[in-house]
Amino acid sequence: MAKDKDVRFSKFGTVSFTGVTQVNDFIDYLEQGKIMGTVCKDCGQKFFPPRAQCYKSLSSNMDWFEVTGKGKLVSFSTLRYGPTGFTDELPYTIALVDYGDYKVFGRIDPAVSNPDDSLKVGMEMAAKPAKTSNGQLTYVFQPA
Amino acid sequence: MAKDKDVRFSKFGTVSFTGVTQVNDFIDYLEQGKIMGTVCKDCGQKFFPPRAQCYKSLSSNMDWFEVTGKGKLVSFSTLRYGPTGFTDELPYTIALVDYGDYKVFGRIDPAVSNPDDSLKVGMEMAAKPAKTSNGQLTYVFQPA
Amino acid sequence: MSRVAVIGVGQSTFVRSYPGSIRELAFEAYSEAMKDANIQNSDVDATVMCSAPEYDKQRSPAGVVAEYLGLNPQPTFYVETLCSSSSTGLKLAYSLVASGLHDCVMVLGFQIMSQLTSNESQERMGRGADIQWESTFGTMMPAYYALHAQAHFARYGTKPEDLANIRVKSATYGVLNDRAVYRKPVAHEDFLDPQKMGGPVASPLRVGDCCANADGSSCIIVANEEKAKRFCKKPVWILGVGAASASVNMVGRESLSGLAVGIEAGKQAYKMAGITPKHIDVAEVHDCFTIAEMMAIENLGFAEAGGGPELVRAKETYKEGSIPVNIDGGLLSKGHPIGATGGSQVRTIVRQLRDEADNIQVKDPMFGLVHNIGGVGLYGSVTIFGRE
Amino acid sequence: MSRVAVIGVGQSTFVRSYPGSIRELAFEAYSEAMKDANIQNSDVDATVMCSAPEYDKQRSPAGVVAEYLGLNPQPTFYVETLCSSSSTGLKLAYSLVASGLHDCVMVLGFQIMSQLTSNESQERMGRGADIQWESTFGTMMPAYYALHAQAHFARYGTKPEDLANIRVKSATYGVLNDRAVYRKPVAHEDFLDPQKMGGPVASPLRVGDCCANADGSSCIIVANEEKAKRFCKKPVWILGVGAASASVNMVGRESLSGLAVGIEAGKQAYKMAGITPKHIDVAEVHDCFTIAEMMAIENLGFAEAGGGPELVRAKETYKEGSIPVNIDGGLLSKGHPIGATGGSQVRTIVRQLRDEADNIQVKDPMFGLVHNIGGVGLYGSVTIFGRE
Ligand SMILES: [Zn+2]
Ligand SMILES: [Zn+2]
């Protein structure tokens, strides 16, 4: 899935720190409303976030798969301070969700009110594509 | 010679990368027209560029001394490309001069014409305080 | 394997803002360690320079610092594992000596964090995780440790007060440490005040749960058995070294209620030293946040998983307790000058094992342990020391 | 001291601009070396990650790369000595194995220099020296090597054509190397054209005297004797390792007509291997600039001081000569992806000693040498390899 050098990945996240990667197609899928990981055609290992290469098979023979269904909330935290570029969005809540075969890291949907009270470790969550406050691509978790 | 935190050193050089050092007095001397090194009061070791501490004596018991007289030109090179912030001054010639007890690194006085032809390794040079093209503090070498 | 000993230790005072450059700051730890070991530069066969590179504009600082300290033409190099850089440096120094390549190696850690502008500092903070997949969400160190705290709370019923107990203990000893940044006592009531320790940072962590940045340097000198016995009256032997890594991305972690690198590095170190957690008489563990010390206590086997809060509540980690932990004030009191941190921990343990720890001396310790974590459980080092 | 062997080598193609991230680029060298060694990740006990940190926004890249390559929970760390980072990494891997701490260690070098903007790149170039006392004068790498060339010219009567001879030889082999950036032949006439090799850079160096930046990765896997013999049909033994440092500031240098670190590191490596320069059958030396190769030839004892130009003129450094040097095209042809450079040199020598060097194979070499310099003679590494 190697591409010519492009900077599609710089569309990802409130602040982007990198634009060049061999999994830039992740961005196209996200624009189409799909959160995608990769799966190794040789050994079946699933990767999220997606990888272009598999260390188990020493190959770059990869397919895309879609992150669907529900996962369990592993942990979460609401930030009152943030790094440069993110402070306008404060407070926001980050979270880790376990889908079984893989986990997904991201933010809780800002529409969820009082996340520190309403969220519980272990509850079911689902990820969906979204836009950041400054119009960049991202995805968020909602209680499912 | 430790000082309260100050950024006097940021006056040194066409582009300055650092402002905070315990030998900031170097700047005051340069403003007074003196190029100064330090000498360890415990062991007599001379340091140019100046240091605030002596590794031989494990102490910070230092005096200042003035760089005077002539040195021998060890080598030189005229740059046709330069880093960000220096390109307006191109071409310029850097040089290393040996004073015996210590050496001094810097630029040849831009008033020296055709440095690649007029300079010879081994010839006598003297350093004197000067200003850079953007008004910062520096020193330059002239044939002596 | 031939034996390797620590023969000299040094540390600058850790301060909010050092009025000088990294070379000048490094000199402070270097000169103390050289005087402590009572050796000459010509006795030092190599130097290992440890820091995190983003905080100073000097590229390749190993060269600048080695020149300033007069340590040419001996080899020098730069090593980094974030906050555990100088513990990694110590492991490398151990291997350079144990392999027979060198007789005596210096490990120098330094960090000046105060010379960046606040904006520059915040920007670097934003790049502390995987910049492709996690930094993009606006993460920071306190938030990652907060995820671990939340998971510990959910799994074991741990409460914010259990974490506050750790800070109160830390401050008890910070008051006594004249090299520490934070030297005021802390009471539980301070956590009730949102203007003081109780201010929210990243739930469930509060201001009092977090250590402060600092500028500082540390220096550890190690030598082989022959040189150690020649140079040194009280060599402190390195008995076990362990190190491990984990995924940077949280998605690669099995669990967030402990740090796998701490468990794995500890196992390696105990095995190599041939002892168990019960043998440790005094420990320095990585307490960049209160939850980090709580997990370390459990991960190192001083308590069972989930048993940390009770051990702490019972004051067993105080100087008089069964396993004194961070009784130099820890990072929570000393401050955390990234590259210098591990060396400072080692200095504390070495002074304990030499019976030179003054007002925090534990009675007749035989074995001491240093636990140093880089990133949020990304890198882990555990080193076990013993006296003759 | 127990024996340590190289059991696997890999390298990406060196390119002007790699269309991916450092983790993806590192994979290319890693996967070649793993296939070459025919081992599993579980056989690798530790990894050493080598690069210069200023060229990528990812902080602490060791963690990100180890995760991507599936090399958790084994310890990993980052090491830097500028352009000699992966040779320093190899020395550390050697010591980690020879000390008995680990059985098998991977050294991974990588660098992406193309993703910075031209401005960012020029800014970093400006901070390549002592930022307090030399960068302030507007120095750059070519200018520092130019000072050395000027001094060599003055002392020995060396001429620009002597340096051009080195580039012409380099290009002869660059044409044959499908992993190299620059693959066109170079003739002496090209140095007469100011639009081509003859353009002035920093007197007396011209465009043709300088290597190009590149993106690339390299991977070297080493193991102890038992594992090497189990995993590998043609282990290549590390017989000598030498390393040295010099002052960053030119004011601390005794002489500019050679590099003290090359001389010192070479002495150490020859002594440890128990051989002399005459025993070396094939060498890779650090030729970031033509003058660097000239000094290396003299500093390593292949010629006397000042005797380099004549040795080069007589084509003794060609494949058929008495001491073939950089017959993979060297950095002048391959390009110079800082952190990956040393590993690429090692790969070339290992392939020679295994008789697997294809179109550049030297006949029955017994001993090979790698000379890798960091900065302008700031750091120096020399490693000597031998076959069974
Ligand atoms: Zn696979
Ligand atoms: Zn002195």
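Letters A, B, ... are given to chains in the order of the sequence lines, protein chains preceding strands, and every chain is numbered from 1. None of these values were measured; they are calculated from a predicted model.
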Inset, instruction - Flag the one option from Arg127(C), Gln132(C), His148(C) with the top tally of heavy-atom pairs under 4.5 Å to chain A. - result: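 Answer, by heavy-atom pair count under 4.5 Å with chain A: Gln132(C).
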Inset, instruction - Sort out for me which of Asp130(C), Leu147(C), Leu256(C) touches chain A most, counting heavy-atom pairs under 4.5 Å. - result: Leu147(C)
Legend entry - For Gly13(A) against Gln136(A), the heavy-atom pair lying closest together: O-NE2, 2.8 Å
Per-residue contact mode, [X] against chain A (heavy atom under 4.5 angstrom):
X: Arg253(C); answer: backbone
X: Ala154(C); answer: side chain
X: Thr139(C); answer: both

Inset, instruction - Please tell me if the side chains of Gln53(A) and Met62(A) come closer than 4.5 Å, counting only heavy atoms from C-beta onward. - result: no
Legend entry - pair Val23(A)-Trp133(C): side-chain heavy atoms closer than 4.5 Å: yes
Using non-hydrogen atoms and a 4.5 Å limit, figure out which bit of [X] sits close to chain C: side chain, backbone, both or neither.
X: Phe26(A); value: side chain
X: Phe9(A); value: side chain
X: Thr138(A); value: side chain
X: Val121(A); value: side chain
X: Ile94(A); value: both

I'd like to know which of [options] tops the heavy-atom pair count under 4.5 Å against chain C.
options: Phe86(A), Phe48(A), Tyr81(A); answer: Phe86(A)
options: Pro115(A), Pro83(A), Gly106(A); answer: Pro83(A)
options: Gly122(A), Gly82(A), Gly19(A); answer: Gly82(A)

Legend entry - Sub-6.0 Å ring centroid separation between Phe65(A) and Tyr102(A): yes
Inset, instruction - Answer yes if the side chains of His152(C) and Ser257(C) hold a donor-acceptor pair under 3.5 Å, and no otherwise. - result: no
Inset, instruction - Find out whether the Lys NZ or Arg CZ of Arg167(C) is both under 6.0 angstrom from the six-membered ring centre of Tyr182(C) and within 45° of the ring's axis. - result: yes
Legend entry - Cation-pi check, Arg107(A) onto Tyr92(A) ring (under 6.0 Å, within 45° of axis): yes
Legend entry - Short N-O contact, Asp101(A) and Lys46(A), less than 4.0 angstrom: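 The answer is yes: the pair qualifies as a salt bridge.
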Inset, instruction - Could you tell me whether the side chain of Asp63(A) and the main chain of Cys40(A) form a donor-acceptor pair under 3.5 Å? - result: no
